[in-house]
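Accompanying notes for the structure given below.
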Amino acid sequence: MELRHLRYFVAVAEEHSFARAARRLRVAQPALSRQIRDLEREVGVQLFERLARGTRMTRPGQAFLREARQALESASRAVTTVRRAATQSALVLAHTDLIIYAPLLLELVAGVRAARPDTPVRVVRINEAQQRAALVTRRIDAVLTVVPAWPVPDLTALQLGDAAATGVFLARTHPLAAQPRLQLRELVDLTWLHPMERARPEVFRALRAALASRGLVPLRHRGRRPDAAGDIPIAAGDAWALANPTVAARYAYDDAPIVYRPFVDPLIPMWLTLLWRGETAGPLVETLVEVARSVAGLGRAAALARPALP
């Protein structure tokens, strides 16, 4: 008896028809019938009654169905276990946009390599929209990302830095830039540049709700590229973006075309966070978490990675 016999048997039992089961399995119906007859000869009992329209399981067939399903589930678990073991030697660490907090990512990778010098670390980039599914399906082991709410549902999370928005980017020549501090509602006539909604839906929705609660519903908005080119509309005086002092450091030079101005409204909370599946974390993820806790405990995470609003 082979696994294909069990798969064929379960398909016929569930479809109540050799013809439908053959289509489902993408095999010829005569070949399927032969396999079921072979199975019946091997087990020594008739499993199906062949009717004019479809099939009906016999009482022994019903008992056999339970055992066949359990056997197939066990085989599937065995395959999953083997495949997982084959990839356990590598830690797959994902990240979202990392222009600002790339140094922290380097610290994590270096820490894992120091603790486990024989363990390769694969670093991949992933959209926020894909990260949860990638963790659940085990395509990645952990992800360094920004979350707009705490705690994080259904996953284990470790805060590594404060990514709160405390001010905005404006063109140096814009009249609002002459003020040392401003109210968010004063920006209503400018285009709000925000993280790409398709790539970072949770962050986008949280920022939009936070602005509305602070009296600003932007008349115009569009996604902002996570690189210097995304700041061109700001320098032109047509747009603005959320920021904080560390993000603003890249424009901290004389006569920079873009300036940072704090707002008087309550800050918009965000956290730089490491996410993983806590209940199924293996030894490599545990090592990563230990390294991350060490970095955060030393207070270096905040210095390396305070902002995360590209």
Side-chain angles (χ1 to χ4, degrees), residues 95-101 104 127-129 131-132 143-153 155 157-171 174 176-177 179-227 230-231 233-234 238-252 258-275 296 301-310:
H95 65 83
T96 50
D97 296 325
L98 279 177
I99 290 177
I100 302 300
Y101 51 84
L104 177 58
N127 284 344
E128 173 200 285
Q131 65 190 21
R132 188 174 295 271
V143 59
L144 183 63
T145 187
V146 172
V147 298
W150 196 267
V152 180
L155 291 171
L158 175 66
Q159 288 185 21
L160 297 180
D162 178 8
T166 57
V168 301
F169 277 147
L170 286 170
H174 194 279
L176 289 176
Q179 303 176 194
R181 299 171 69 85
L182 52 82
Q183 286 188 310
L184 286 169
R185 66 184 62 185
E186 297 179 82
L187 302 164
V188 68
D189 293 328
L190 293 175
T191 298
W192 173 39
L193 299 183
H194 53 74
M196 294 286 187
E197 184 177 1
R198 284 187 298 178
R200 304 179 68 187
E202 291 184 17
V203 169
F204 168 73
R205 288 193 295 266
L207 294 178
R208 183 176 58 184
L211 292 178
S213 70
R214 290 156 177 78
L216 173 59
V217 179
L219 300 177
R220 296 177 304 279
H221 66 89
R222 68 171 183 266
R224 177 188 181 200
R225 291 176 51 181
D227 55 31
D231 293 342
I234 301 175
D238 302 321
W240 66 278
L242 290 165
N244 60 40
T246 311
V247 176
R250 63 186 179 192
Y251 293 119
I258 291 175
V259 296
Y260 167 80
R261 292 293 180 265
F263 49 70
V264 298
D265 309 79
L267 60 79
I268 300 176
M270 307 281 277
W271 294 273
L272 179 61
T273 303
L274 185 70
L275 299 178
L304 287 168
R306 175 174 168 76
L309 294 173

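Source: prediction; values computed, not measured. Throughout, numbering of the chain's residues begins at 1 and tracks the sequence. Just so you know, these numbers use all the heavy atoms, side chains as well, and skip hydrogens, waters and symmetry mates.
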Under 4.5 Å between any side-chain heavy atoms of Leu158 and Thr273, yes or no?
-> no
Here the gap from Leu216 atom CG to Leu190 atom CG, rounded to the nearest 0.5 Å, amounts to 10.0 Å
With sequence neighbours left out, what residues match Thr191 under side-chain hydrogen bond (donor to acceptor under 3.5 Å, both in side chains)?
-> Arg220
His221: what forms a ring pair (Phe, Tyr, Trp, His ring centres under 6.0 Å) with it, not counting sequence neighbours?
-> His194, Phe204
Supply the atom-to-atom distance Thr166 OG1 to Met270 CE, rounded to the nearest 0.5 angstrom.
-> 12.5 Å
Taking the side chain as C-beta and beyond, is there a heavy-atom pair between Glu202 and Val147 under 4.5 Å?
-> no
dist Arg250:CZ -> Phe169:CZ (nearest 0.5 Å) comes out at 5.0 Å
CD1 (Ile234) and CG (Leu170) are apart, to the nearest 0.5 Å, by 8.0 Å
Determine yes or no for a side-chain-to-main-chain donor-acceptor pair under 3.5 angstrom, with Arg261 supplying the side chain and Ala177 the backbone.
-> yes
For the pair Gln179 (side chain) and Arg181 (backbone), establish whether a donor and an acceptor sit closer than 3.5 Å, ignoring hydrogens and angles.
-> yes
Distance-only side-chain donor-acceptor flag, Tyr251 / Asp231, under 3.5 Å | yes
Pairwise distance CZ(Phe263) to CD(Gln183) - rounded to 0.5 angstrom | 11.5 Å
Side chain to side chain contact (heavy atoms under 4.5 Å, CB included) assessment of Leu160 paired with Leu144 | CA-CA 9 Å; Leu160 297 180; Leu144 183 63; 3.7 Å; yes
For Pro245 and Tyr260, the nearest pair of non-hydrogen atoms, with its separation, is CD-OH, 3.5 Å
Is there side-chain contact between Val264 and Leu182, with heavy atoms separated by less than 4.5 Å?
-> no
For residues 205-214, please give each side-chain donor-acceptor pair under 3.5 Å, one per line with the distance, not counting sequence neighbours.
| from | atom 1 | to | atom 2 | distance (Å) |
| --- | --- | --- | --- | --- |
| Ser213 | OG | Ala210 | O | 2.8 |
| Arg214 | NE | Pro266 | O | 2.8 |
| Arg214 | NH1 | Ala210 | O | 2.9 |
| Arg214 | NH2 | Leu267 | O | 2.8 |

What are the two closest non-hydrogen atoms of Asp265 and Leu184, and how far apart are they?
-> OD1-N, 2.9 Å
Tested for side-chain hydrogen bond (donor to acceptor under 3.5 Å, both in side chains) against Thr145, the lone hit among His95, Glu128, Gln131 is Gln131
Going by heavy atoms in the side chains, are Leu274 and Val143 under 4.5 Å from each other?
-> no
Residue list, side-chain contact (heavy atoms from CB on, under 4.5 Å) with Ala199, at least two apart or on another chain | Asn127, Met196
Return the minimal non-hydrogen interatomic distance between Ala241 and Arg224, and the atom names on each side.
-> CB-NH1, 3.4 Å
Pair Val188-Val217, side chain to side chain contact (heavy atoms under 4.5 Å, CB included): steps then yes or no = CA-CA 7 Å; Val188 68; Val217 179; over 6 Å; no
Supply the atom-to-atom distance Asp162 CG to Trp271 CH2, rounded to the nearest 0.5 angstrom.
-> 8.0 Å
Return the set of residues passing side-chain hydrogen bond (donor to acceptor under 3.5 Å, both in side chains) with Arg198 (not counting sequence neighbours), or none when no residue passes.
-> none
Heavy-atom closest contact (Thr96 atom, Val146 atom, distance) | OG1-N, 4.3 Å
For Asp238, which residues count as a side-chain contact (heavy atoms from CB on, under 4.5 Å) partner, sequence neighbours excluded?
-> Ala236
Kindly indicate, with the supporting measurements, whether the criterion side chain to side chain contact (heavy atoms under 4.5 Å, CB included) is fulfilled by Val152 and Arg132.
-> CA-CA 11 Å; Val152 180; Arg132 188 174 295 271; 4.0 Å; yes
